Structure formats: structure tokens, C-alpha cells
Amino acid sequence: MNKSVNLRSIEMIRNSRFNEEDWPTKSSEEQIKVEEDVLRKYEDLHRKLKMSIHLPELLKEQHKKYLCETLFYLPSVYECLDSSRPWLCYWILHPLSLLGVRIDDRRKSSIAKFINKCQSPDGGFAGGPGQYPHLASTYAAILALAILGTEESLNIINRQKLKEFMRSMKQPDGSFAMHIGGEIDIRGAYCAATVASITGILTPELFEGTAEWIVSCQTYEGGFAGAPGMEAHGGYSFCGMSALVILQKGHLIDEQAFLSHKSSLQRWIVQRQMKLEGGFQGRTNKLVDGCYSFWQGGTFPLIYSLLDKAGNSPNDHLFDERALQEYLLICCQNPTGGLIDKPGKHKDVFHTCYTLSGLSVAQRFLNKKRVLGSYRNELIETHPLYNVRPDLARKALLHFNNLGVPTQNLNEGT
Amino acid sequence: MSDCSSDENENDTILYRDRPEWKDVTPLKQDDGDEPVVAIDYTEAFEDCYDYFRAILKKKEISERALELTKTAAQLNSANYTVWQYRREILKGLGKDLNEELDYIQKVILKHSKNYQVWHHRRIIVEWLQDASKEKYLTETVLAKDAKNYHAWQHRQWVIRTFKLFDGELEYVDTLISDDVRNNSAWNQRYFVINNTTGFTDEVLDREIDYTLNHIKTVTENESAWNYLRGLLLHGKEGLSNNKKVTDFCEELYKSGNRSPFSLAVIVDMCFEQLNEGGGDSRYTPQRAKELCEELINKYDIIRANYWKHMIEMIDKTMKDENIESSN
Ligand SMILES: [Zn+2]
């Protein structure tokens, strides 16, 4: 059943302020400062509410305009993302697709051709034309091509070479390096699993030991870290969890020898929602950030599917979907388009992508609508594993699965 | 992932195309195709440097001038992993003094401390040198400014583990926790140190539980300390609900009128554990768990009401299953 979603009362929000217990520290001081900024936003809105019943409103037209412009032109401050250009494509195309924007075929073709310029002769995709191939760029490029969803875009991927590239990134302990001579962390495992699964080149041999390595990144707090021993973190938890589900090893979560307390991941993740702000933080005692709406929020559908398998499926979201939508709509929108981390920050395509992805997740529980504000605020659904629209994910999966796993090269020597 | 802090160009601003020592090289334009997308409006200096970078990368030139060029390229975009990888190839090819490189990358790290590539470069140089003597100090400098910098902690953990530098680490962590008891990275490091040194023996557990409860006493709503406490109890034989020190502490806190949601949550989980695994402590009943969940839903943890409702359902379901089992 669709449930109407209402704003929290301003009193309820005011009563949710941080309790410093007469023990101020740097963490609490920063937290209180953010709460003041956020509370001001909420109070402003509640004042305006008396004049307009359409609030809070998702500024769809402004966001479309911002994203369409950045698709073709980025100012020089984006030079620091010159090695993330397939990412830029994905961060722009994905939110556009959630907003229901159709891109005409000619443009689709030019985007696909550009991404092809980033494809390396050694397999995989690079951060820009002529750079070395990189697993994260490969992930972004392939998702962007899947979003374009044309024969041309999907056929660009050289799957044989891609498989060779991924094999060369694989480490003896099951983890993956990001590029030749590059760093190793849980992003590598997630990008590899996603890419292999979407393009239909996932074999048990390519991922031998990977699930076990990922599980070794789960911490005593319950979330996953970037590498074994490190602190539980939102982005890395999404990576760990999604990769395990893709590799069909979701049951290994919380099964680690010492993690005898079940559901520690679930507990850790529900604790990341901030009581006043409504958005999510990335780590314990850190500040709210709009992008974690997806990294943390996007994990919930995966948790539900695991709970369902265990016969414990929840009747509703396990987080407060209205508070998250409040945070995104009231605190994270730039009035001229684009979304942000938190009040006072600049807009960028990264945050625009993940805030809107998180909003899409919060707006539905299974197939039931949970849209805050007018029905016009509704976004199209996103696939919890791949974070592209389910119809586009399905199209790519079908396309590649029909091709079968590429046969092995003679010089592979197996 | 998108840390865009720009450098002021303190180096000489002569473009590469105007430098006589580069006359023999034909700059290579970026091949974006006919209809580029996500096109960045590069500054003149950026485009100039990368035109030459592409040209020498293509011929894999190993030279002093190439090394110098990678420095400029890295300054313009420190996240360009190809630049760093190529720079390492040149360093090796020329047999450069790696201590100099260590000094250089330190300066870059202090400027761009939230960047994967610069820390990774540091790590490789330390590996090549097999000298980690400066690493603790460097990470401490970065952590002094941002005590939760993930890259700095990751580098520090790698160094400590690889070069067995655990001595003094617990004391360092203790300083950080005293500075900011809510610094979760410091609590995580505490766990890391113990896990890799003494392990969680009964004796260590006892000491750590005391340490943690003392910190919870002063700030009862500090989730970091509560999570660490839960982490400790994963290693004890008594589980969550049978460690007398911990149960007594939680009960005292409750009796004193404290309603820290983290404390209530632990009591709920204690009840749930006893329901699942037995234990026979009459304080920890499913009924009490459900009452506490109601309090959390309505008053003390409203934002997580959905979660606590689900918890009540799980308790009911477990009770029903057990009734069926015992009636069979
Ligand atoms: Zn963010």
C-alpha cells in the first residue's frame, strides 16, 4: 500500500538536538554547528509552508538544466577530475535518467564514442583518453554505456580484453588493485564484481577468494572498511555488501568467526541516520553528508532481500524515509540546480548523482510509494546493486548474457 | 572522491611549448573525438603541460626532464594516477634518490591529504626504501589537523603492521581519545592494536572493559565507546548479556534515570540474546525488551522507530518459534 509521507513537526526536529552532556569535544562542536545550519533550513521551510502546500519541492527542471549543461561543458575547477571523466559521464547520465530525461540518439552516439576513446587497448577503461586503464573508471564507463542502452554503446565494450584486464588486477588474496601498480581496497572488489556481472564475464575462477577477502573487511562495528583493520565506512560498506550479493555470498555477512552477534551490519547502518538532520553520516560520530543517502540508504534494499531469505522480511523501511527525504529536499538543493553535501557546500555532479539516487531509494519500499511532498517529486527507481535504472540494467544483462562468456585466449596457458 | 583544492602556481610559469629544452618534442593533443562530452575548460597551463605529458608517455621517455614534467602534471591534478605511475617508472629507470622523493611526496600529502594517489605513492616509495622511520610522524602531522583522515589512518595501519611498529601506539590512541572521546577512528585504532598484539585475552578484556565503561560514564551518548564495548564482548565467553561488570553498569545507569539510546539498545540486545541462546538472567526478558523498544520508538530514538518496530516483530517471532519448539 502507498503511504502518505508527512513532514516531521518542527518541535520534533528541535527536540532531536545533540546531547553534549557538558563534555564538548571537536566532534561535538562540529556536529552542533551543522545542526544549527540544518535547523535554520527546516525553520525557514516550516515558515514558508503556511504559504504554499507544494513544499518541499524537488527542483527537477533546475537539476535537469544543471546536468545537461555539465554534460558538455565543465569549468576549469573540474581539472582535478580530469582522470575521472567516465565517472563524470555516469554522475551526469544516471541522475538524468532518474529524472526521466530522454537523450536523443545522436547525443547518445557521441557520448558512447567519447567513452570508447577512454577504452584501453589493454582492456578496461581509463580516466581519460590515453591514460592507463583503471577499475573504477571501467565501472563508471560500463554503467554509463548501460544507461545509454543502445546497441552501439553496449557493443563498444571489448569483453575479451576486459576480462584480461580484470585478471591482471586480481591479487593472490582475492582482492583487486585499482590499476597496474595501484592501490588495493574494497572498491576494487566491488567494481570488478559489478563490471563482470553486468557484462556477463563473471566466473568463479576470476573471483576465487574475493568474498572471503571482503568479509575480512567487516569491522567490530558491523560496517565494512576499505581494507582489513580499518574503520567501518559508508561508501565501503556499500561496496562490500553489494559485491557479496553479486557474488551470491551475502550469507557470509556477520558469519565471520568472531562476529557471533548477528545483524551487526544492519544495526551499524541504521545507526548512521542522523536524528536531527535526517540524512546519513559515513562513519560513527562524523557529520551528515548528502551522498551517504545512497551509500548507506542504498544498502537497505539489499538488507531487505537478505532478511527476506531468512524469513525475517520487514514490513516497512528500516530507516526513517521521510526524514531522509526532508534532508535531501530541504537542505541539499541548490536553488539554481544541482545538489550538495550539506548546507554551505558547493554543488557538484558527484553529490547530485548520489543524493538523487538516495532520494529514489527513500521514495519506495519494495513496490510501494513513499514520496514526500507532491507526487511530482517522484523519481524513477534505481537498481540497488548497480545504481542504474532496473530496466537499463536488465537490458545490458540480457545483451551480454546472450553473448556468453568470452572464450579463453590461447596464450592464457590454461 | 571529489576533493578539488587548487594550487597556486608557485613554480615558474613558462609554458612547456616555450621552453628550449622541450623543442624536440611534438606536443600531443588529447584525443576526445569529434564530439567531446564532459569537456573540461582547461587552463592554458594545464593543457600545455598535459600535451607534453602525453607525448613523452607515448615514447616512455625516461629522463630528468620527464621527471620534472610529472611534478608539474601532478601539481595540476594530483589525482592523475597515470602521472604517478609513470613517475615511479622514471624514478626506477633513473635510479633516483628515493629519500628526496619521500621529502617531495610529504609536501604534496600535506597539501592534498584526502587523495588516494599521493598516499599510495608514499607507500610504494617506503616499500622500495624499506624504511618506515618517518611514517608515524607524517601521519601524526596529518591527523593533528584532521584526526579522522581515512587515508592517514590506512597508511599508518599498513606501516605499523608491515614494519611491526606497534610500540607506543596504544599510548598514542589514548592521547587522541583523551582529546576527543568521540573520535571513532581512534577507538578503531585501539581495536586494531590489541587485535594485532596481545589479542583479547581475559585479562586484556577486563582492562579494556574498565577503560571503556569509564569513558561511557562521562559521555553516555558516545556511540564510539558503546560500539567498542560491543566489539570487546564479541571476544568474551559471556556474550553480551552475561558479563557481570557490563550488565551491572547498564542497570546502574538505567536506575540513575539515564536513557542513553545506546544503553537502551544494548539492553534490548541483551534480552534478545537471552531469548535466542538462553542465559537465565531474570532481568533480561523479551517483555522488557519490547517495553524498551516502545520507549525508544516514542521518546528516546524516534528517528529509528522503524527499526525498533522491526525488532519487536523479531522478538515476537522468536517467542512464537520457541513455543512451537517446546510444545513439540
Ligand atoms: Zn559527500
Side-chain angles (χ1 to χ4, degrees), chain A residues 12 19 21 23 25-28 71-83 85 88-89 110-111 113-114 117 129-132 134 179-183 219-221 226-227 229-231 233 258-261 270-271 273 275 283-286 312 314 316-320 323 348 350, chain B residues 1-4 6 30-33 35-43 46 54 57 76-77 79-82 85 88 116 120 124 147-148 150 153-154 157 161 180-185 188 191-192 218-221 223-224 227 230-231 234-235 240 302-307 310 313-314 317:
Chain A
M12 189 198 269
N19 179 6
E21 300 179 81
W23 197 275
T25 64
K26 194 163 184 234
S27 295
S28 65
L71 185 54
F72 293 98
Y73 172 85
L74 293 158
S76 63
V77 293
Y78 275 89
E79 278 173 353
C80 63
L81 290 170
D82 187 48
S83 298
R85 290 181 70 202
L88 290 167
C89 293
S110 57
I111 299 167
K113 286 196 177 80
F114 169 72
K117 290 279 180 194
Q131 300 176 24
Y132 292 157
H134 191 286
H179 60 91
I180 293 171
E183 71 274 15
T219 87
Y220 67 87
E221 289 195 275
M230 284 295 293
E231 184 184 2
H233 177 286
F258 78 92
L259 275 178
S260 57
H261 294 189
V270 297
Q271 291 293 351
Q273 190 169 22
K275 53 182 179 165
R283 299 183 248 163
T284 305
N285 279 330
K286 289 266 289 174
N312 296 329
D316 214 327
H317 270 309
L318 290 180
F319 65 100
D320 190 327
D348 61 69
F350 171 83
Chain B
M1 210 170 276
S2 45
D3 166 41
C4 293
S6 62
Q30 179 163 267
D31 179 14
D32 264 16
E35 293 169 272
V37 291
V38 290
I40 299 168
D41 189 4
Y42 302 116
T43 57
F46 192 99
R54 277 182 286 272
L57 178 68
L76 289 163
N77 175 17
N80 190 314
Y81 56 91
T82 307
Q85 184 62 26
R88 286 191 286 274
Y116 285 96
H120 182 62
I124 301 278
K148 301 174 183 177
Y150 208 86
W153 280 114
Q154 196 163 344
Q157 285 199 352
R161 195 163 21 199
D180 183 351
V181 72
R182 300 179 178 94
N183 179 350
N184 198 57
S185 306
N188 185 76
Y191 190 95
F192 168 80
T218 44
V219 188
T220 66
E221 298 193 15
E223 193 193 344
S224 296
N227 286 356
R230 283 174 181 270
L234 293 172
H235 296 275
L240 193 61
I302 301 171
I303 193 85
R304 270 165 279 283
N306 286 351
Y307 171 72
H310 177 69
E313 280 159 27
M314 287 300 100
K317 184 172 174 266

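Everything quoted here is computed from the prediction, not taken from an experiment. Per chain, numbering begins at 1; letters A, B, ... match sequence-line order.
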Test item: B/Q154 side-chain N/O and A/M230 main-chain N/O as donor-acceptor pair under 3.5 Å: no
A/Q271 CD to B/Y307 OH distance, which is reported to the nearest 0.5 Å: 7.5 Å
Pairing residues for A/N312 by the side chain to side chain contact (heavy atoms under 4.5 Å, CB included) criterion, not counting sequence neighbours: A/L307, A/A310, B/M314, B/K317
Side chain / backbone / both / neither for A/P75 at chain B, heavy atoms under 4.5 Å: backbone
Check: B/Y150 side chain, A/E231 main-chain N or O, donor-acceptor pair, under 3.5 Å: yes
A/N285 side chain vs B/R182 backbone, donor-acceptor pair below 3.5 Å: yes
Heavy-atom donor-acceptor pair, A/R283 side chain to B/K148 backbone, under 3.5 Å: yes
Leading residue by heavy atom contact count with chain B [cutoff under 4.5 Å; candidates A/V270, A/I111, A/D320]: A/V270
Whether A/T284 side chain and B/S224 backbone form a donor-acceptor pair below 3.5 Å: no
Residue among B/A79, B/G33, B/S185 with most heavy-atom pairs under 4.5 Å to chain A: B/S185
Partner chain A: residue of B/Y81, B/W153, B/F192, B/F46 with the largest heavy-atom pair count (under 4.5 Å): B/Y81
Contacting region of A/R85 [heavy-atom separation from chain B under 4.5 Å]: both
B/I124: side chain to side chain contact (heavy atoms under 4.5 Å, CB included) partners, not counting sequence neighbours: B/R88, B/H120, B/E127, B/W128
Interface residue of largest heavy-atom contact number with chain A, from B/I302, B/T218, B/L57, under 4.5 Å: B/T218
